[in-house]
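Each chain gets a letter, A, B and so on, in the order the sequences are listed, and its residues count up from 1. Heavy-atom basis, side chains included; hydrogens, waters and symmetry copies ignored.
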Amino acid sequence: MYDEIIKIPFQNVLSKLNIHEDVDIIFEYPKNPSHGDLSTNIAMQLAGKLKKQPRQIAQEIINTIEYDKDLIEKIDIAGAGFINIKFSNKFYTLALKNIYENGENFGKSNKGKGIRVNVEYVSVNPTGLLHLGHGRNACIGDTIANLYEWMGYDVTREYYFNNAGNQMNNLAKSIYARYRQQLDNPDFLFPVDGYHGDYIKEIADELINENSNKLLEDNDENLTTIRKFGENWCFGKIKKTLERMSIHQEVYYNEDSLYSEGKIKDVIGEFKEKDIAYEKDGALWLALTKMGLTDDRVIVKSTGEPTYRLPDIAYHREKFLRGFDILIDIFGSDHIATVPDVLAGVKALGFDPDKVKVYIHQFVTLTENGEQIKMSKRTGKNYTLDDLLDEVGSDVVRFFLLMRGISTHLEFDLALAREQSEKNPVFYLQYAHARLCSVFDNAELKGVILNGDIDFHLLQHETEIKLIKQLLNFPGFIESACNKGEPQVLADYLRELASAFHVFYHECRILDVGEKLSIARLALAKVTMFTMKNGLTILGISAPTRM
RNA sequence: GGUCCCGUAGCUCAGUUGGAUAGAGCACAGGUUUCCUAAACCUGGGGCCAUAGGUUCGAAUCCUAUCGGGAUCACCA
């Protein structure tokens with residue numbers, strides 16, 4: 001938006017001055033508002049190449065540049081050779097008019113039109129309940145999917161799971177042990193690596209309710225029944241928890257189908273054909289060293305079972321074959337080691353690894369009044385995501401899990417989250433929206449209605465212009481959050497937007513200031529309201545109409 | 001030991017591609033309401049950007065080393 005008005009004059013002036021060096025003219029937002037609205041260091045970039053003083057080059061540029069004086073108030077030189085640009089209020093009021101007339105789609109883009117994106121997240125196997133780390137994964141994945149949708153991409157939300165293998169058998173054995181302990185033998189031996197969580201006892205209770213003692217005998221058939229029961233129970237809980245956070249994934253992809261449909265075999269065949277898999281010690285190895293990694297890895301064990309790498313690679317191949325152009329994986333930091341293997345495998349199969357975007361988030365710690373709350377698996381006293389949702393609700397959980405950069409450890413302050421007051425940062429954003437709704441309620445009571453005849457140029461107050469500036473930044477922040485895979489960028493932006501609004505609200509009355517001005521301010525309020533609502537919606541947080 | 005993430009105000013964290021005087025929230029001290037929601041607004045103190053070198057017009061940001069915290073490194077998933 002800014003660029004089109006300012007970039008072309010700069011390009012023109014450079015060619016007019018016969019400067020044809022290959023440099024990008026970069027504009028940035030100065031931190032210090034007295035430096036104007038935009039700033040460029042082009043003169044400093046050229047200084048070295050032209051062997052001239054930066055300030056001299058800057059002077060030549062501003063002497064020669066031609067621009068629309070109606071929209072740009074001034075262009076001047078500062079510091080070591082920065083060129084600062086200040087837009088006129090008219091520029092901003094026109095920009096607001098433009099947004100207002102385009103309506104609630106402000107910030108949406110069609111950059112992703114026709115591009116299919118698969119976002120895979122959560123992907124927890126049905127052996128237990130979701131905890132906070134999974135919650136972070138889920139919120140990040142869901143928000144990134146929302147961001148891509150806003151950018152116009154065709155998005156599929158996917159959950160990958162495995163309901164076969166050792167972990168599931170382990171689940172079945174754990175449930176069986178609790179079943180026996182509760183039914184006929186309190187001393188029945190619990191498996192060494194079993195799942196200790198209390199939920200296993202819950203499952204066993206329900207198993208007893210439905211089957212009484214029909215599954216007492218320790219045989220494969222019963223264990224299979226129990227495994228299936230456990231799987232359904234866990235999946236039911238997981239989906240319910242996700243539902244509470246408004247997370248819906250349309251595809252649940254079963255790892256097992258990669259085997260049953262022969263995809264695993266296909267991949268092995270391709271690797272062998274390309275001569276990057278070899279037999280050694282009775283196992284099949286993938287020659288990752290040929291692809292620049294430090295170690296070769298086993299993909300099929302000597303027992304004939306594949307290691308996790310093989311289905312992971314086959315799964316990514318499958319996603320490409322299903323027609324996705326971009327694959328996004330949301331992983332916790334514990335999965336970091338698998339990434340290079342999978343990417344190398346994907347590349348070996350002839351797909352572009354750059355199209356696989358892996359976002360790895362760090363862990364979550366739960367603290368209360370500065371002390372860490374343990375979430376140990378062993379003790380079985382897990383603090384689950386459901387517990388947290390019970391205590392503070394989805395909006396707070398989502399905001400807290402999204403308000404930090406994904407690559408940093410996240411400290412979840414339970415005391416702060418519980419706080420139902422102005423200390424809680426999520427309410428600051430929601431309150432801005434509720435206040436706006438309230439203004440419109442009052443406007444309606446007073447019979448002030450936004451109609452087509454709006455004089456945007458009446459908005460000249462400093463806080464009005466600042467709010468417009470903040471609104472104009474929305475599309476850029478959406479795009480940045482999307483490209484970086486950082487929901488936090490949007491969360492921070494919304495806090496700043498809320499702040500700009502609250503200041504405006506404090507300084508400028510919207511109603512009872514004369515009809516024309518009221519209507520202009522209502523238009524500004526309207527744009528602020530739907531921008532705030534859209535932003536919150538992308539974060540998966542509700543925009544309350546009153547608080 | 002190898003790889004990855006982190007180290008910025010008392011606490012939790014931002015800091016765009018290297019830019020001008022390093023920011024926010026909370027906490028702390030003080031102020032604002034006959035007026036559309038005070039869950040708001042305003043003012044103030046607070047910093048060796050872990051440490052040491054290097055790259056350059058210019059480094060919290062890039063490079064190297066060191067220290068500290070976390071993750072990971074299987075024919076476990």
Side-chain angles (χ1 to χ4, degrees), chain A residues 24 26 28-32 34-35 39 41 44 47-48 53-54 78-82 84 125 127 162 165-167 193 255 280-285 293-295 297-309 311-312 332-340 360-363 365 367 370 403-413 416 419-432 434-443 445-446 448 476-477 480 483-484 488-489 491-492 495-496 498-499 501-513 518 521 525 546-547:
Chain A
D24 261 348
I26 296 163
E28 57 181 20
Y29 305 111
K31 287 175 203 160
N32 186 335
S34 71
H35 294 141
S39 155
N41 63 352
M44 284 123 113
Q53 293 298 317
F82 290 100
N84 295 334
N125 287 337
T127 59
N162 178 14
N166 279 335
Q167 287 186 51
D193 299 322
E255 179 184 325
K280 194 179 97 184
D281 306 330
L284 188 67
W285 294 70
L293 300 190
T294 47
D295 295 300
R297 300 284 182 192
V298 169
I299 50 174
V300 181
K301 295 186 251 179
S302 52
T303 59
E305 279 175 74
T307 63
Y308 68 91
R309 281 179 203 92
D312 277 1
S333 61
D334 52 335
H335 280 73
I336 199 156
T338 78
V339 176
I360 292 173
H361 61 86
Q362 299 295 314
F363 281 15
T365 53
T367 63
M403 71 180 177
R404 303 294 178 223
I406 67 166
S407 67
T408 189
H409 292 255
L410 189 154
E411 189 163 310
F412 195 109
D413 184 340
L416 182 62
E419 187 86 44
Q420 298 287 316
S421 76
E422 77 283 353
K423 285 178 193 167
N424 194 322
V426 67
F427 296 138
Y428 186 75
L429 310 190
Q430 293 184 312
Y431 181 58
R435 253 187 165 178
L436 281 156
C437 290
S438 161
V439 169
F440 278 94
D441 288 346
N442 288 322
L445 288 175
K446 289 172 192 270
V448 185
F477 276 87
S480 168
N483 290 341
K484 291 184 189 167
Q488 190 232 19
V489 168
D492 265 6
R495 200 192 43 72
E496 278 173 31
S499 172
F501 164 70
H502 285 308
V503 173
F504 155 71
Y505 181 90
H506 190 262
E507 295 292 320
C508 299
R509 277 196 68 83
I510 296 168
L511 303 174
D512 310 316
V513 286
S518 271
R521 284 179 174 165
R546 59 184 67 230
M547 287 172 73

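Looking at heavy-atom distances under 4.0 Å, A:Ala78 makes contact with a base. Nucleic acid contact for A:Arg546: base, since at least one base atom lies under 4.0 Å from a heavy atom of the residue. Using a 4.0 Å heavy-atom criterion, one finds that A:Cys508 contacts the bases of the nucleic acid, with or without backbone contacts as well. A:Gly282 comes within contact range of no nucleotide atom at all, as no heavy-atom separation falls under 4.0 Å. Counting non-hydrogen atoms under 4.0 angstrom, A:Thr294 reaches nothing in the nucleic acid. Across all strands shown, A:Ala434 has heavy atoms under 4.0 Å from base atoms, whether or not it also approaches the sugar-phosphate. Heavy atoms of A:Asn483 sit nowhere under 4.0 angstrom from any nucleic acid atom. Within 4.0 Å (heavy atoms only), A:Asp512 reaches no atom of the nucleic acid at all. A:Asp312 comes within 4.0 angstrom of no nucleic acid atom, judged by non-hydrogen atoms across all strands.
Spacing of P atoms, B:rU51 relative to B:rU56, comes out at 23 Å, to the nearest Å. To the nearest whole angstrom, the two C1' atoms, one in B:rG47 and one in B:rA24, are 15 Å apart. Taking atom P on both B:rA71 and B:rC28, the two are 33 Å apart, rounded to the nearest angstrom. Separation of the P atoms belonging to B:rG7 and B:rG46 is 24 Å when rounded to the nearest angstrom. With P as the reference atom, B:rA39 and B:rA27 are 15 Å apart, rounded to whole Å. The separation of B:rU72 from B:rU61, taken at their P atoms, amounts to 29 Å, rounded to a whole angstrom. Atom C1' of B:rG45 sits at a distance of 8 Å from the matching atom of B:rA29, rounded to the whole Å. Here the separation of B:rU66 from B:rG1, taken at their P atoms, is 10 Å to the nearest Å.
The separation between A:Leu293 atom CG and B:rC73 atom C1' is 13 Å, rounded to whole Å. A:Glu28 has its CD atom 12 Å from the C1' atom of B:rG15, to the nearest Å. As rounded to whole Å, 15 Å separates atom P of B:rC75 from atom CG of A:Asn166. Distance A:Gln488 CD to B:rU16 P: 11 Å, rounded to the nearest Å. As rounded to whole Å, 14 Å separates atom C1' of B:rU56 from atom CG of A:Asn41. Nucleotide B:rC26 holds its P atom 10 Å from the CG atom of A:Leu416, rounded to whole Å. Going from atom CD1 of A:Ile299 over to atom C1' of B:rC76 covers 17 Å, rounded to whole Å. Regarding A:Arg309, its CZ atom lies at a distance of 7 Å from the P atom of B:rC75, rounded to whole Å.
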Given protein heavy atoms under 4.0 Å, the one-letter contact record of nucleotides 3-12 of chain B, with B base, S sugar-phosphate only and - none, is simply -SSS-----B
The contact string for nucleotides 38-43 of chain B, one letter per nucleotide 5' to 3', using protein heavy atoms under 4.0 Å with B, S and - for base, sugar-phosphate only and none, comes out as SBSSS-
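Taking 3.5 Å as the limit, the base of B:rC75 and the side chain of A:Thr307 contain no donor-acceptor pair of atoms between them. Under 3.5 Å, the side chain of A:Thr338 and the base of B:rA77 form no donor-acceptor pair of N or O atoms.
Considering all non-hydrogen atoms of both residues, A:Lys423 and A:Leu416 come closest at O-CD1, 3.5 Å. In this structure, A:Gln420 and A:Phe427 approach most closely via the heavy-atom pair OE1-CZ, 3.5 Å. Closest of all the heavy-atom pairs between A:Asp512 and A:Ser518 is N-OG, 3.6 Å. Of all non-hydrogen atoms in A:Arg546 and A:Ala434, the two that sit nearest each other are CA-CB, 3.8 Å. Residues A:Gln362 and A:Ser407 share a closest heavy-atom pair of CG-O, 3.0 Å.
Residue side chain A:Phe82 meets the stacking definition with respect to B:rA20: its ring centre sits within less than 5.5 angstrom of the base's six-membered ring centre, and the planes differ by less than 30 degrees.
For A:Arg404, there are no side chain to side chain donor-acceptor pair (under 3.5 Å) partners at least two apart in sequence or on another chain.
Pairing for B:rG1 is with B:rC73, a Watson-Crick or G-U wobble pair whose two hydrogen-bonding atom distances lie under 3.5 Å. With a cut-off of 3.5 Å on both Watson-Crick or G-U wobble distances, the partner of B:rA65 is given as B:rU51. Nucleotide B:rA60 is matched to nothing when pairs are restricted to Watson-Crick or G-U wobble geometry with both distances under 3.5 angstrom. Summarising the base pairing, B:rU16 is matched to no nucleotide, lacking a Watson-Crick or G-U wobble pair whose two defining distances lie under 3.5 Å.
Of the candidate nucleotides B:rA71, B:rA77, B:rG25, B:rA71 has the atom lying nearest to any side-chain atom of A:Asp334. The side chain of A:Ala337 approaches B:rC73 more closely than any other nucleotide in the set B:rC36, B:rC73, B:rC75.
Side-chain contact between A:Tyr308 and A:Thr338 is present, with heavy atoms from C-beta onward closer than 4.5 Å.
Distances shorter than 4.0 Å separate none of the side-chain N or O atoms of A:Asn424 from OP1 or OP2 on B:rG25. Taking side-chain N and O atoms only, A:Lys301 has a distance below 4.0 Å to OP1 or OP2 of B:rC76.
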Any chance you could lay out the side chain to side chain contact (heavy atoms under 4.5 Å, CB included) test for A:His506 and A:Val503, step after step, and finish with the verdict?
CA-CA 5 Å; A:His506 190 262; A:Val503 173; 5.6 Å; no
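The distance from the NE2 atom of A:His502 to the OH atom of A:Tyr428 is 4.5 Å, given to the nearest 0.5 Å.
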